[in-house]
Asker: 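Supplied in structure tokens, the structure appears directly below.
All of these numbers come straight from a predicted model, not from anything done at the bench.
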Amino acid sequence: MKKTFCCAIGLTLLAAGSHASDYGTTGLIDIPSARMAPDGTFTVTGAWDGLHKSYMFTYQATPWLEATFRYTGFNDFFYWDRNYEIKARLWQEQLLLPQVSVGIRDAVGTGVFGSEYVVASKGMGQWDATLGMAWGRLAGQQNITNPLGYVSDRFKQRTAFTGSGGEFSFDNFFSGPNVGLFVGLAYQFKSLPVKAVIEYNDDQYEFNRTGARPYTPSSPVSYGLEWEALPGITLGVSHQHGDNVSFSFSAALDTKARPARYAPPEFISSRDLPQSQLPPQINKRSWYDRLLYDVERSGLLLVAGRLSDDGSQAELIVGNKIYPLWADAIARHVALADLHLPPSVKKLYLIAEDGGHRASSVVVPRPSTLPLIQDTLSRQIRVLGGADLLGPRQQTDFTTGKINITADLNNRLQLFDPDDPARYQVYVQIGAEYAISNHWALKGVYGVDITNTFDESRRKNSDSVLPKVRSDIVKYLTEGETGLDSLMLEGRDSLSSSLHYRLFGGVLEEMYSGIGGEMLYWPAQSRLAFGLSAAYVRQRAFDKSLDLLDYSVATGFVSAYWASPFYNYDAGVHVGRYLAKDLGATFELRRTFDNGWQVGLWATLTDVPFDTFGEGSFDKGFYFKIPLNGLFGSNTRSAYSTRMRPIQRDGGQRLENHSGNLFWDLRDTRFDGLVGTVGRMLP
């Protein structure tokens with residue numbers, strides 16, 4: 001058999017007993033194990049050899065659930081396959097019991113890699129043994145009768161599921177006349193950061209038997225070595241199926257890592273400075289002016305304030321410019337207020353304003369009035385609904401009528417193009433914002449191209465039978481490589497502690513101009529919220545000028561949200577009319593960490609049939625929000641957000657930044673977001 005050479009490169013988080021296999025899931029070489037990576041692990045893996053090119057994303061969604069998206073290209077004939085794998089832990093390892101997990105490989109896809117398995121792993125000192133039973137591809141040619149066939153005849157037959165992908169092959173799960181076994185063994189050397197692995201895997205690579213160079217493995221045995229070169233960085237080499245020599249690289253990425261608390265700059269308080277060293281507009285005799293000066297030097301905002309009639313309570317509307325955690329911002333506000341407020345004040349009432357919305361209030365006793373007991377303050381903190389001040393005695397006159405201009409280096413990514421796994425653009429993003437008032441602003445973004453590869457795409461002319469509301473995106477990225485991305489008037493405010501709104505109009509995004517709005521009803525201390533969004537838009541010209549095309553549509557959604565108490569997961573359901581005038585619903589699920597990371601997924605089903613939708617069958621994808629705090633030593637609340645789809649089609653498409661976003665915008669300052677971090681509010 002001809003020898004082939006392969007290499008794998010990836011980013012993954014490795015821990016004792018866990019390793020990303022060549023399929024992206026936690027396992028050995030090709031086979032899965034029952035092990036799980038630490039909760040919150042995000043894995044990006046790339047692998048290529050003489051047979052395939054593969055790119056994988058794996059996320060440890062909970063301590064017991066792992067999910068993988070896999071994108072594989074076959075070298076001898078032009079074909080790219082997209083599929084998903086899920087693995088759930090049934091129980092953890094105990095003294096006499098192994099850890100056991102169950103998984104489905106290619107749960108949503110064409111079935112090229114279709115397989116299901118139950119797998120057990122047991123540690124014995126420096127050894128870790130894995131034994132699994134598999135259905136489908138991993139069963140190979142073994143002739144063990146499928147035990148589920150005795151339960152129902154449905155499990156006795158298995159079809160070769162192929163097609164446009166994106167569909168669940170429920171009839172195939174755990175089905176087939178036979179099952180097979182796979183075995184793996186890992187040995188961690190005691191005095192060296194090296195692990196030896198060997199596995200038995202009877203995969204016959206049936207899909208690789210066609211093409212210019214048909215392939216059949218000559219052996220079910222693979223073996224290799226893994227070297228932890230640095231903490232979290234592993235290099236590996238293996239000999240697979242008697243034919244392939246493979247190298248691998250993996251590195252750690254922990255989305256759950258607890259963020260470092262932001263330490264504000266040290267400065268001499270305005271209380272201790274002479275009037276001559278203060279700005280002329282700051283009156284040292286005014287507690288509000290002194291507090292305002294120190295607040296702004298700390299990277300915070302003070303919007304308005306008042307004292308109660310008897311002087312025992314201070315009510316402050318506060319903002320946060322650069323603190324990654326609102327809990328830290330509140331803590332700093334409390335410390336500064338304690339320093340400057342009159343002695344009569346015993347209680348602080350801080351109303352958090354974020355992006356023009358007043359979503360939450362934090363009530364805390366004045367720290368200097370409490371006994372010096374560490375947990376006294378944290379036990380008395382209360383988080384309530386947002387509010388407004390009735391007749392504020394002091395109010396900050398923020399600068400309006402001034403244009404704020406920014407310039408940033410940015411990028412656009414288009415992943416999983418069937419012609420090429422990744423296309424990109426690097427461009428300079430010039431932004432401008434004109435504040436009309438505290439709640440209204442005119443803002444715009446202009447992109448100047450530096451380099452891009454979108455002109456190489458062969459998907460410029462969409463084959464969609466639906467209105468081309470999104471599948472013409474490549475035309476916008478080539479004909480409008482430099483152009484206006486957005487230019488709109490936007491207003492945000494809160495009508496009450498439970499009702500928030502957003503209005504917008506102008507050039508909304510690179511493909512659409514129009515007008516619209518959104519309302520969100522989220523009662524204080526409730527985990528349920530309800531929203532309504534609507535917009536009328538027209539499609540923009542491909543060169544991203546102010547010209548418009550003929551296509552127009554009214555789109556809108558009724559939304560419901562649940563801020564669940566489970567692992568910081570939030571769910572949303574949006575029902576309504578999409579850009580292609582199809583009707584349906586979108587389900588989305590996101591997980592938010594204290595450090596600012598947000599990872600999620602969504603799926604949309606509408607009245608468009610799978611065949612009409614085209615490749616992919618229905619719209620689905622992943623959402624990532626990556627905090628930029630600490631980058632180049634800076635402190636910021638900014639983050640990089642992106643959506644990734646396996647395939648861009650026209651069914652189930654929304655205005656992604658203008659439909660149902662208020663809930664996510666207010667997440668950081670809501671009761672359920674703050675209540676879990678009240679212990680961090682100590683000044």
Asker: Does a salt bridge link Asp272 with Lys284, judged by any charged N lying under 4.0 Å from a carboxylate O?
Answerer: no
Asker: Closest heavy-atom contact between Gly385 and Ala524?
Answerer: CA-CB, 3.4 Å
Asker: Would you give the length of the straight line joining atom CG of Leu336 to atom OG of Ser269, rounded to the nearest 0.5 angstrom?
Answerer: 7.5 Å
Asker: Provide the closest heavy-atom pair for Tyr561 versus Phe530 in the form atom of the first, atom of the second, distance.
Answerer: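 Between these two residues, the closest heavy atoms are CD1-N, 4.4 Å.
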Asker: Does any non-hydrogen side-chain atom of Leu253 lie less than 4.5 Å from one of Thr41?
Answerer: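 They are not in side-chain contact.
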Asker: Kindly give the heavy-atom pair with the smallest separation between Leu341 and Arg366, and that separation in Å.
Answerer: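 Shortest heavy-atom separation between Leu341 and Arg366 comes out as O-NH2, 2.9 Å.
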Asker: Do we see a donor-acceptor contact under 3.5 Å between the side chains of Glu509 and His658?
Answerer: no
Asker: Considering non-hydrogen atoms only, spot the tightest contact between Val383 and Phe671 and give its length.
Answerer: O-CD1, 3.4 Å
Asker: Determine all donor-acceptor pairs shorter than 3.5 Å in which one atom belongs to a side chain in residues 403-411; sequence neighbours excluded.
Answerer:
| from | atom 1 | to | atom 2 | distance (Å) |
| --- | --- | --- | --- | --- |
| Asn410 | ND2 | Gln429 | OE1 | 3.2 |
| Asn411 | OD1 | Tyr640 | OH | 3.4 |

Asker: Any chance the side chains of Ser298 and Arg332 put a donor and an acceptor closer than 3.5 Å?
Answerer: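 Yes, Arg332 and Ser298 have a side-chain donor paired with an acceptor closer than 3.5 Å.
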Asker: Between Asp665 and Arg502 (salt bridge meaning N to carboxylate O under 4.0 Å), is one present in this structure?
Answerer: no
Asker: Judged by atom type as modelled, is there a donor-acceptor pair below 3.5 Å linking the side chain of Gln598 to the main-chain atoms of Arg590?
Answerer: no
Asker: What I want to find out is whether Glu518 reaches Arg492 closely enough, with some N-O distance under 4.0 Å, to be called a salt bridge.
Answerer: no
Asker: Just checking, is any N or O donor in the side chain of Gln313 or Glu315 under 3.5 Å from an acceptor N or O on the other one?
Answerer: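 Side chains of Gln313 and Glu315: pair found under 3.5 Å.
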Asker: More than 12 non-hydrogen atoms from neighbouring residues, nucleotides or ligands closer than 6.0 Å to CG on Leu546, yes or no?
Answerer: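 At most 12 heavy atoms, drawn from other residues, nucleotides or ligands, come within 6.0 Å of this atom.
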Asker: Indicate whether any N or O donor in one side chain lies under 3.5 Å from an N or O acceptor in the other, for Asn568 and Thr592.
Answerer: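 Distance-only check fails for Asn568 and Thr592.
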Asker: For the residue pair Arg654 and Trp602, would you count it as a cation-pi contact if the rule is NZ or CZ under 6.0 angstrom from the ring centre and within 45 degrees of the ring axis?
Answerer: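 No, Arg654 does not sit over the ring of Trp602.
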Asker: Judged by atom type as modelled, is there a donor-acceptor pair below 3.5 Å linking the side chain of Ser494 to the main-chain atoms of Ser497?
Answerer: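 Checked: no pair found.
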Asker: Arg637 side chain to Asn320 main-chain N or O, any donor-acceptor pair under 3.5 Å?
Answerer: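 Yes, because the side chain of Arg637 sits within donor-acceptor range (under 3.5 Å) of the backbone of Asn320.
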Asker: Just wondering, are more than 12 heavy atoms of other shown residues or ligands nearer than 6.0 Å to CG in Leu489?
Answerer: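 Counting other residues, nucleotides and ligands, CG of Leu489 exceeds 12 neighbours.
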Asker: If only side-chain N and O atoms count, and only distance matters, is there a donor-acceptor pair under 3.5 Å linking Gln425 with Asp449?
Answerer: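 A pair is found: one side chain offers a donor N or O, the other an acceptor, under 3.5 Å apart.
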Asker: Quick one: does Asp338's side chain have a donor or acceptor within less than 3.5 Å of a partner on Ser368's backbone?
Answerer: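 Yes; judged by distance alone, with no hydrogens or angles, the pair exists.
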Asker: Give the minimum heavy-atom separation between Pro627 and Ala639, together with the two atoms involved.
Answerer: CA-CB, 4.0 Å
Asker: Examine distances only and state if a side-chain atom of Arg591 and a backbone atom of Tyr567 form a donor-acceptor pair shorter than 3.5 Å.
Answerer: yes
Asker: To the nearest 0.5 Å, tell me how far Arg643 CZ sits from Ser641 OG.
Answerer: 9.0 Å
Asker: Any chance you could measure Leu601, atom CG, to Met644, atom CE, to the nearest 0.5 Å?
Answerer: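 Here the interatomic distance stands at 11.5 Å.
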Asker: Please collect all side chain to side chain donor-acceptor pair (under 3.5 Å) contacts where either partner lies in residues 523-535, sequence neighbours excluded, each pair once.
Answerer: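 Those involving residues 523-535 do not exist here.
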Asker: Could you give the distance from OG (Ser498) to OH (Tyr521), rounded to the nearest 0.5 Å?
Answerer: 5.0 Å
Asker: Pairing donors with acceptors under 3.5 angstrom, does anything connect the side chains of Thr604 and Thr586?
Answerer: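 Yes, a side-chain donor-acceptor pair sits under 3.5 Å.
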Asker: Any side-chain donor paired with an acceptor under 3.5 Å for Asp294 and His340?
Answerer: yes
Asker: Within the supplied structure, the quantity of interest is the number of heavy atoms (other residues, nucleotides, ligands) at a distance under 6.0 Å from Tyr623 OH; does it exceed 12?
Answerer: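 Yes, OH of Tyr623 has more than 12 neighbouring heavy atoms, counting only those of other groups under 6.0 Å.
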Asker: Side chains of Thr396 and Tyr288: is there a donor and an acceptor less than 3.5 Å apart?
Answerer: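 Note: Thr396 and Tyr288 side chains meet the donor-acceptor criterion.
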Asker: For Tyr59 and Phe622, I'd like to know if the aromatic rings sit close, meaning centre-to-centre distance below 6.0 Å.
Answerer: no
Asker: Quick one, Glu510 with Arg412, criterion salt bridge (Lys or Arg N to Asp or Glu O under 4.0 Å). Give me CA distance, side-chain angles, the key distance, then yes/no.
Answerer: CA-CA 12 Å; Glu510 57 195 6; Arg412 289 186 178 93; 3.4 Å; yes
Asker: Minimum heavy-atom separation for Gln275 to Ile282, with atom names?
Answerer: NE2-O, 2.7 Å
Asker: Can the positive tip of Arg538 be found less than 6.0 Å from the middle of the six-membered ring of Tyr512, inside 45° of the ring normal?
Answerer: no
Asker: If you round to the nearest 0.5 Å, how far is CZ of Arg358 from CD of Glu353?
Answerer: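 That separation rounds to 4.5 Å.
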Asker: Please tell me whether Phe663 and Trp522 form a close aromatic pair, meaning their ring centres lie under 6.0 Å apart.
Answerer: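 Yes, ring centres under 6.0 Å apart.
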